[in-house]
Structure formats: structure tokens, C-alpha cells
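Report on one structure; see the data block that follows.
Being a predicted model, the structure only gives us computed values, none of them experimental.
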Amino acid sequence: MRIDLHIHTTRYSGCSSIEPLELVKRAKELSLEGIALTEHGILWPGHLLSALRNDAGKQLKIFAGQEVACYSQEGRFQGEFLVFGVDRSLGSNRSAEALIEMVHTLGGIVIAAHPYKPSRTGGGFYGLGDACTQLGLDAVELGHPDHVETSLLHGARLLGSKNIPATGGSDAHTIAAVGSYATECLGDVATEKDLVEVIRSGEVRPLKRKGDGYVRLSDNTGR
């Protein structure tokens with residue numbers, strides 16, 4: 001099952017130009033089997049999610065997560081994190097350590113979003129970088145449009161040193177970006193609970209769109 005695990009829409013992300021119904025149409029055109037709505041610090045409410053799922057029909061599964069920005073107690077930006085399996089909006093006012101502890105207590109999972117995305121303000125990374133090894137993460141987002149070759153090399157070293165699953169997502173803010181990266185789920189995924197368990201168990205692989213289909217990053221050296 002192919003799922004784009006990282007998408008923003010106009011419903012709750014002011015930085016996105018993707019209308020929800022437009023997203024559903026595009027995901028079907030790309031033969032994606034699932035999409036995840038990951039607005040900034042906001043979880044889609046149940047009634048709106050149910051309505052969009054009805055519009056999508058059985059062909060496309062829609063999952064609700066959120067992307068949370070974290071800051072240390074000293075105010076230092078620690079990166080952004082995809083959260084699945086919680087039933088409330090989390091905002092963006094916690095440290096990474098506090099977020100992970102709370103989400104795990106609630107039975108959810110935390111994925112480091114684009115941890116090796118190069119910083120636009122100089123050296124280093126906009127994401128968590130090698131600090132991924134210091135936190136109790138459930139997965140890292142290796143497949144991402146802003147991950148360049150050096151990002152993938154860092155990611156490969158991380159996966160080699162730490163037994164942690166890797167996912168992929170487009171981080172789409174425009175309709176053209178939807179599905180550029182995705183996650184292959186090797187187990188059955190019908191609900192958010194299923195998604196959490198598949199990722200937690202490591203039954204996922206990052207994918208990159210190539211031509212009319214997808215290739216695993218590991219099969220394509222990330223290029």
C-alpha cells in the first residue's frame with residue numbers, strides 16, 4: 001500500500017495552496033492508495049475528516065496526523081515531527097522530548113520530519129539532523145523532496161547505526177508536489193491504528209516517484 005504521509009492543505013495550513021477535494025482527485029490520478037493530512041499543529045476534526053473520506057470513496061484511504069514544531073526549554077528550534085495516533089491537536093509549543101513522551105503515553109508515534117533538510121541560513125540542517133539518535137523516535141522521514149544526496153548519506157548512516165524505520169512523504173504545499181515521495185506499507189492499513197502499528201513495527205519503506213510509478217530509495221540509491 002502506497003501512502004503519501006506528509007501533506008498540507010488550505011483547510012488548516014495557510015502556507016498551502018492545496019484544496020482538499022483537489023488533493024483527493026490528484027492522489028487518485030497518481031494511483032496512491034492513501035494520503036495523510038499533516039497540518040501544522042492541527043488535527044482534522046472528525047466530522048470534516050469523515051466528510052472528506054466520503055468524498056474520496058473506497059479507492060483512497062485518508063489518515064489524519066499533524067506536523068509539530070518543537071523548541072527546547074531555551075527556545076532553540078529542534079525540528080519538526082509528524083505525529084500519528086493521537087486524538088487532539090498538539091500545537092507547536094513543546095520540546096521534542098516532551099512531545100515524544102506525551103505521544104507515546106497516548107499510544108501514538110513520532111516521526112522526525114525531513115531531519116536532514118539543509119538549512120537555508122547556512123550550514124547544518126533545518127531538521128533534527130544527527131540528534132535523531134538521542135531521542136526515542138519511532139521513525140525518520142528519509143524520503144523527502146528537500147533531501148539532497150548528502151542528506152541521504154547522513155540518513156543511511158543513521159539507519160545503519162540505529163534500528164529505526166524510514167518513511168517517505170511529499171510535504172506537499174502545492175498540488176504538483178503531491179505524491180513525489182511516499183511510504184510503502186507492507187502490512188494491511190485500514191485505520192490510523194493500523195498505520196501506527198505498521199510504522200512502529202518497521203513494515204515500511206520510503207518511495208520516490210519515478211515516471212509513472214515508484215521505486216524504493218534503497219533500490220535507487222536515493223536518486
Side-chain angles (χ1 to χ4, degrees), residues 4-8 36 38 40-41 65-86 90-105 108-173 177 180-184 196 198-208 215-223:
D4 187 339
L5 277 183
H6 191 169
I7 301 176
H8 301 272
T38 53
H40 294 289
Q66 54 196 299
E67 183 177 30
V68 178
C70 287
Y71 300 84
S72 69
Q73 292 183 346
E74 298 75 31
R76 177 179 57 82
F77 179 65
Q78 293 178 293
E80 293 177 313
F81 302 84
L82 302 176
V83 174
F84 295 97
V86 301
L90 299 177
S92 291
N93 60 355
R94 295 177 176 84
S95 69
E97 294 83 358
L99 174 73
I100 292 169
E101 181 179 3
M102 180 184 68
V103 171
H104 285 172
T105 299
I109 59 170
V110 181
I111 303 170
H114 43 69
Y116 294 107
K117 176 180 177 178
S119 172
R120 294 191 179 98
T121 60
F125 304 107
Y126 172 77
L128 188 62
D130 289 331
C132 287
T133 61
Q134 302 168 18
L135 298 173
L137 295 164
D138 299 286
V140 295
E141 184 182 51
L142 184 60
H144 187 276
D146 289 331
H147 274 182
V148 297
E149 185 171 356
T150 54
S151 305
L152 296 170
L153 291 173
H154 278 280
R157 283 198 292 268
L158 170 67
L159 299 180
S161 64
K162 188 176 176 68
N163 185 24
I164 186 170
T167 66
S170 67
D171 196 4
H173 290 67
S180 56
Y181 287 82
T183 298
E184 178 184 13
V196 165
V198 165
I199 295 173
R200 184 182 282 141
S201 66
E203 297 180 27
V204 289
R205 303 290 185 271
L207 302 173
K208 179 178 181 178
V215 293
R216 289 184 180 178
L217 286 189
S218 57
D219 295 341
N220 198 42
T221 63
R223 299 184 180 86

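For D130, the side-chain hydrogen bond (donor to acceptor under 3.5 Å, both in side chains) partners at least two apart in sequence or on another chain are Y116. By the side-chain hydrogen bond (donor to acceptor under 3.5 Å, both in side chains) test, D171 is found to be paired with H6, H8, H144, residues two or more places apart in sequence or in another chain being considered.
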List the atom pairs, with distances to 0.1 Å, where a side-chain N or O of residues 157-164 and a protein N or O form a donor-acceptor pair under 3.5 Å, not counting sequence neighbours.
unit_1, atom_1, unit_2, atom_2, d
R157, NH2, H154, ND1, 3.3
S161, OG, R157, O, 3.2
S161, OG, L158, O, 3.1

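Distance check, rounded to the nearest 0.5 Å: CD of E67 to OG of S92 gives 8.0 Å. Remark: C70 SG to F77 CZ distance equals 8.5 Å, nearest 0.5 Å. Note that CD1 of I109 is 8.5 Å distant from OG1 of T167, once rounded to the nearest 0.5 Å. In this structure, E80 CD and L128 CG are separated by 11.0 Å, a value rounded to the nearest 0.5 Å. Here the straight-line distance linking atom OH of Y181 with atom CG of L207 works out to 11.0 Å at 0.5 Å rounding. One finds the NE2 atom of H114 at 7.5 Å from the NE2 atom of H147 (value rounded to the nearest 0.5 Å).
Nearest heavy-atom pair across G129 and F125 is CA-CD1, 3.9 Å. Closest non-hydrogen pair, S180 versus S170, comes out as OG-CB, 3.4 Å. In terms of heavy atoms, G85 sits closest to V196 at CA-CG2, 3.8 Å. Annotation for A112 and L137: closest pair CB-CD1, 3.8 Å, computed over non-hydrogen atoms. Taking each heavy atom of L5 and T38 in turn, the nearest pair found is O-CG2, 3.5 Å. Here the closest heavy-atom approach between residue L90 and residue V86 is recorded as CD1-CG2, 4.1 Å.
A donor-acceptor contact shorter than 3.5 Å is absent between the side chain of S95 and the backbone of Y71.
F81 pairs with exactly one of L99, V103, I111 by the side chain to side chain contact (heavy atoms under 4.5 Å, CB included) rule, that one being L99.
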